[in-house]
Amino acid sequence: DAQSQVGRPVAVWIEDGDGAIVRGVADSVTPGGAHVRLAVEPPFARGAGVALRLCFDPEQPIVATTARVTWVRADSGQAECGLEWTGARATLDDWLASRN
């Protein structure tokens with residue numbers, strides 16, 4: 001199954017190159033990337049490289065990786081973005097495999 005829907009909210013912290021951090025919640029996490037609803041309009045734009053921290057389960061360690069922003073949208077007060085993984089994904093892949 002190429003698309004893994006998230007069973008519970010996955011907290012996400014996205015840090016851009018300037019050190020600005022935006023919090024969000026991942027609606028979907030796949031082997032290729034993620035779709036994240038953001039708390040505020042982000043300071044980063046499409047194509048930006050970002051560092052991420054993902055909290056899949058409060059009982060488990062936070063997963064750190066990097067990604068490229070594939071799109072940013074801020075319609076009707078709700079900001080969201082798409083991410084494509086660029087960094088180490090061993091822990092992320094393990095988590096995805098456990099969901100299937």
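By convention here, the first residue in the shown sequence is residue 1. From a predicted model like this one, the values you see are computed outputs, not experimental measurements.
Note that OG1 of Thr66 is 7.5 Å distant from CG of Leu52, once rounded to the nearest 0.5 Å.
Residues that satisfy the ring-ring contact (aromatic ring centres under 6.0 Å, His included) test with Trp71, not counting sequence neighbours, are His35. Residues meeting the side chain to side chain contact (heavy atoms under 4.5 Å, CB included) test with Ala20, sequence neighbours left out: Asp16, Pro43.
A donor-acceptor pair under 3.5 Å is absent between the side-chain atoms of Thr70 and the main chain of Glu84, judged by distance alone. Between the side chain of Gln78 and the backbone N or O of Leu38, at least one donor-acceptor pair lies under 3.5 Å.
Inter-residue side-chain proximity for Cys55 and Trp13 is flagged as met; some heavy-atom pair is nearer than 4.5 Å. Under the 4.5 Å side-chain criterion, counting only non-hydrogen atoms from C-beta, Val50 is not in contact with Pro42. Residues Val69 and Leu83 are in side-chain contact: their nearest non-hydrogen atoms beyond the backbone lie under 4.5 Å apart. By the 4.5 Å heavy-atom criterion applied to side chains, Leu92 and Phe56 are counted as neighbours.
Contact record, Pro31 with Trp85: O-CD1, 3.2 Å, taken as the closest heavy-atom pair. Smallest separation of non-hydrogen atoms from Asp27 and Arg37: OD1-NE, 2.7 Å. Here the closest non-hydrogen pair linking Val40 and Ala79 is O-CB, 3.6 Å.
Heavy atoms from other residues, nucleotides or ligands lying under 6.0 Å from CD of Glu41 number 12 at most.
If you chain together hydrophobic residues whose side chains sit under 4.5 Å apart, Leu54 and Phe44 fall into the same group. A continuous path of Ile, Leu, Val, Met, Phe, Trp and Tyr side chains, each step under 4.5 Å between heavy atoms, connects Val72 with Val36, placing both in one hydrophobic cluster.
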| query | Under the side chain to side chain contact (heavy atoms under 4.5 Å, CB included) criterion, do Cys81 and Val22 qualify, and how do the steps go? | reply | CA-CA 11 Å; Cys81 70; Val22 177; over 6 Å; no
